Amino acid sequence: MGPIRRRLILAAALLGPAPAWAEVCSVERPLWDGVPVTAFGEFLHLLQTPIVLLLIVATALAIRFRSEKGGLAVVVGWSLSTFIATGWGDTTAIREAAMVEGCIGNATFFIVVAVLVCIGVVLYTAPLKRGKETGDQ
């Protein structure tokens, strides 16, 4: 073992999760039980936020009434909620430390589901193409 390898191992050990970071998880997720959060667990957590629950109801209404304006509002809402709920705008070290600690999971699954919902709403609420009426000329 050379000196470079020893330094790399020491650096990795010092950069790993430490008990001092437990404060991060108590601030970000106070009810966290210590088990690392998976992508599906993060999806379920983000799905339970009030804005997302409201968007689920609004999406159902836009689809039910096949409203173009309602579909537009829902797509904008999903876009904003994805930005806010997943913390894309949050560049602080606290969120990164919480992800390293394991109390915040990867939000990719939530983002993919939100994108699929938006695509579905746009396609379903789009105006129907009507053929040329036989009597019109």
Side-chain angles (χ1 to χ4, degrees):
M1 249 167 76
I4 295 176
R5 190 173 191 185
R6 268 185 256 142
R7 288 182 192 148
L8 287 174
I9 292 172
L10 180 63
L14 292 176
L15 292 177
W21 289 4
E23 290 181 23
V24 172
C25 288
S26 66
V27 170
E28 289 290 317
R29 303 271 169 90
L31 300 176
W32 182 55
D33 59 357
V35 178
V37 178
T38 62
F40 187 70
E42 185 70 14
F43 170 73
L44 292 177
H45 176 77
L46 293 174
L47 203 62
Q48 296 172 5
T49 58
I51 186 72
V52 173
L53 293 174
L54 181 69
L55 281 170
I56 291 171
V57 172
T59 302
L61 289 173
I63 289 174
R64 166 64 179 94
F65 295 112
R66 206 172 191 139
S67 168
E68 290 178 54
K69 292 179 183 178
L72 174 65
V74 165
V75 168
V76 170
W78 275 106
S79 300
L80 289 175
S81 73
T82 302
F83 178 77
I84 292 169
T86 60
W88 276 353
D90 189 12
T91 58
T92 61
I94 294 173
R95 185 166 181 87
E96 292 173 11
M99 289 182 82
V100 169
E101 185 70 21
C103 59
I104 293 181
N106 192 352
T108 305
F109 188 56
F110 178 77
I111 294 168
V112 168
V113 169
V115 167
L116 291 176
V117 167
C118 289
I119 291 170
V121 167
V122 167
L123 291 177
Y124 189 77
T125 60
L128 297 174
K129 293 182 181 178
R130 295 196 172 116
K132 193 173 187 180
E133 299 283 335
T134 56
D136 295 337
Q137 289 199 10

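Scope of the values below: all heavy atoms of this structure, side chains included, with no hydrogens, waters or symmetry mates. In this text, all values refer to a predicted model and were calculated from it rather than measured experimentally.
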| task | Mind jotting down which residue pairs meet the salt bridge (charged side-chain N to carboxylate O under 4.0 Å, His left out) criterion with at least one end in residues 38-65? Sequence neighbours excluded, please. | result | R29-E42
| What distance do I56 atom CD1 and L61 atom CG have between them, rounded to the nearest 0.5 Å? | 12.5 Å
| query | Would you say the side chain of F83 lies within less than 4.5 Å of the side chain of I111, judging by non-hydrogen atoms? | reply | no
| query | In the single-linkage hydrophobic clustering (I, L, V, M, F, W, Y; side-chain heavy atoms under 4.5 Å), do Y124 and I119 co-cluster? | reply | no
| task | Working to the nearest 0.5 Å, report the span between CG of L31 and SG of C25. | result | 12.0 Å
| Roughly how far apart are L53 CG and L47 CG, rounded to 0.5 Å? | 6.5 Å
| When the ring planes of F110 and F43 are compared, do they come out parallel, tilted or perpendicular, using 30° and 60° as the limits? | tilted
| message | Nearest 0.5 Å, please: how far is CD1 in I51 from OG in S81? | response | 6.5 Å
| task | Take V121 and W78 through the side-chain contact (heavy atoms from CB on, under 4.5 Å) test and state the conclusion after the steps. | result | CA-CA 11 Å; V121 167; W78 275 106; 5.9 Å; no
| task | Identify the heavy atoms of A62 and G71 that sit nearest to each other, and give their distance. | result | CB-N, 3.9 Å
| Can you find a heavy atom in the side chain of T82 that is under 4.5 Å from one in the side chain of V115? | no
| Rounded to the nearest 0.5 Å, how far apart are CD1 of I104 and CZ of R95? | 4.5 Å
| field | Flag side-chain contact, heavy atom, 4.5 Å: W32 against V37 | value | yes
| remark: Rounding to 0.5 Å, atoms NZ (K69) and OG1 (T125) come to a distance of 13.0 Å
| query | So, for G105 and M99, which heavy atoms are closest and what is the spacing to 0.1 Å? | reply | O-CE, 3.9 Å
| Looking at side-chain heavy atoms only, is the closest gap between T86 and L46 below 4.5 Å? | yes
| task | Report yes or no: do V57 and F65 belong to one cluster of Ile/Leu/Val/Met/Phe/Trp/Tyr joined by side chain heavy-atom distances under 4.5 Å? | result | yes
